[in-house]
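Working notes, structure below.
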Amino acid sequence: MMLRAACLATLLTSGGSALALTLDLPAGAELTREVTVEQGARGVPIGVSGGEVEKHLAQGSISIRAFRVNASPNTAQIIAPLEASLAAAGFETELACETQSCGGFDFRFALELIPPPNMFVDLSDFRFLSARASGGDAYVSIVASRSQNDGYLHVTQILAMEQDDGEQIAGPVSVAPAPALQTDFGAALEQDGHRILPDVVFESGSTELREPSYPSLEALADYLIENPDRTVALVGHTDATGSLEGNIEISRARARATMERLISTFGISPAQVRAEGMGYLAPRATNLTEEGREKNRRVEVILTSTRP
């Protein structure tokens, strides 16, 4: 159940000290999921350089929350009240960026976020902010994005522990990014013969396309409209949870849902597209982690035309 909220108040404690931090949320924000880790480690992005995300590794108590923001106009307005709250609380900005200035690649998979549908990141429209308390004992990172109708907000708060000698457990960490975003969808599809639809994602066992709009589907539709002689197969995939037979049916249903969206929303000819399912037989990541399973629940586009 979602909880409507006007502010996000968190009391972070360590030993005998406490840091009370209240973050104002944008109007219409609803809590969709909350995860609390009493003791853990988290990489906090502090910079982007040379195609890599530089992080500080903070260890301590972690609070992670995802919100949906109804009828939010843009990402700047989603993140603005939280940014002001951090500044008022004396936090110092470590990294503030948006879309291309975050590195020009799929910044989503360089982060550790609550998966869809509770959090959604439009790869062409998002903002990121990380900040540190002036004493270095707390960190906050924020991701703001939106779909066609709703805004999304992801807030991670960490109260960092101290070692016996009083030094903070933090250090630079480099994380290799996901592959660069391809600005010309059609050129990439024709060059490689296949393309993952990175923002078309599913929860385990689900075949529902929750969002009203997906940038990658729009790009595919544009390509098919501009090239009416081209044909493609949409191939659904699952993680390894459950039987092979059941997963093949789920993966085929995911591909069909994607195909039906192309036909009904964008007017794509049914003769240009068909739907198939592979179940869990072609993973792109390990099924031993939640992040890997999330990546495996996907739809790929296969170019089936044989003439240039």
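Residues take their numbers from the sequence shown, with the count starting at 1.
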So which atom in [X] and which in [Y] form the shortest heavy-atom distance, rounded to 0.1 Å?
X	Y	value
D125	T99	CA-OG1, 3.8 Å
F266	I225	O-CD1, 3.9 Å
P26	Q77	CB-O, 4.2 Å
A282	M278	CB-CE, 4.2 Å
I62	G40	CD1-C, 3.7 Å
L25	F67	CD1-CE2, 3.5 Å

Practice task
Please determine which of I196, V301, L197 meets the side-chain contact (heavy atoms from CB on, under 4.5 Å) test together with S216.
Solution key: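 The single option meeting the side-chain contact (heavy atoms from CB on, under 4.5 Å) with S216 is L197.
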
Practice task
Check the pair R42 / V37 against side chain to side chain contact (heavy atoms under 4.5 Å, CB included), numbers first and verdict last.
Solution key: CA-CA 10 Å; R42 203 78 169 180; V37 180; over 6 Å; no

Is [Y] close to [X] at the side-chain level, that is, under 4.5 Å between some pair of heavy atoms?
X	Y	result
L95	V53	no
L153	L82	yes
M119	V143	yes
E38	S61	no

Would you compute the distance between atom [atom1] of [X] and atom [atom2] of [Y] and round it to the nearest 0.5 angstrom?
X	Y	atom1	atom2	answer
I79	R127	CD1	CZ	7.5 Å
E245	I250	CD	CD1	11.5 Å
S145	F120	OG	CZ	6.0 Å
H237	N247	NE2	CG	12.0 Å
T93	L129	OG1	CG	5.0 Å
R261	L234	CZ	CG	12.5 Å

Practice task
Start with the C-alpha gap between I64 and H154, add the side-chain angles, then the distance that decides, and say whether side chain to side chain contact (heavy atoms under 4.5 Å, CB included) holds.
Solution key: CA-CA 7 Å; I64 307 165; H154 191 283; 3.4 Å; yes

Under 4.5 Å between side-chain heavy atoms, counting indirect links through other Ile/Leu/Val/Met/Phe/Trp/Tyr residues: same cluster for [X] and [Y] or not?
X	Y	value
L303	L262	yes
F128	L113	yes
V235	L217	no
I302	L224	no

Practice task
Under the salt bridge (Lys or Arg N to Asp or Glu O under 4.0 Å) rule, collect the residues that match up with E34, sequence neighbours excluded.
Solution key: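 E34 satisfies salt bridge (Lys or Arg N to Asp or Glu O under 4.0 Å) with R65 once adjacent residues are dropped.
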
Problem - Pair R256 + E249, salt bridge at N-O below 4.0 Å - result: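 Result for this pair is yes, salt bridge flagged.
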
Problem - Electrostatic pair R230:E190 at N-O distance under 4.0 angstrom - result: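 Answer for the salt bridge query: yes.
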
Exercise for the section: Could you walk me through whether Y139 and S130 pass the side chain to side chain contact (heavy atoms under 4.5 Å, CB included) test, one step at a time? Expected result: CA-CA 7 Å; Y139 295 85; S130 64; over 6 Å; no

Problem - Pairwise side chain to side chain donor-acceptor pair (under 3.5 Å) hits with a residue in residues 264-274, at least two apart - result: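 Checked against side chain to side chain donor-acceptor pair (under 3.5 Å) - neighbours excluded - the pairs reaching residues 264-274 are R274-E276.
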
Handout entry: Among D239, N296, T241, side-chain hydrogen bond (donor to acceptor under 3.5 Å, both in side chains) partner for N287
Key =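 With N287 as partner, side-chain hydrogen bond (donor to acceptor under 3.5 Å, both in side chains) holds for just one option, N296.
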
Donor-acceptor contact present, side-chain [X] to main-chain [Y], <3.5 Å:
X	Y	answer
H56	I46	no
D137	L159	no
R307	D229	no
T75	A144	no
S63	Q157	no
R254	S206	yes
S85	D24	yes
T238	G279	yes

Practice task
State whether a side-chain donor-acceptor pair under 3.5 Å links T304 with T231.
Solution key: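 The answer is yes; a qualifying pair exists.
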
Handout entry: Donor + acceptor pair across side chains of R68, Y152 (<3.5 Å)
Key =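 Their side chains do contain a donor-acceptor pair, which is all the 3.5 Å distance test asks for.
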
Practice task
Go through the steps for E94 and V44 under the test side chain to side chain contact (heavy atoms under 4.5 Å, CB included), then give the verdict.
Solution key: CA-CA 9 Å; E94 296 284 330; V44 181; 5.8 Å; no

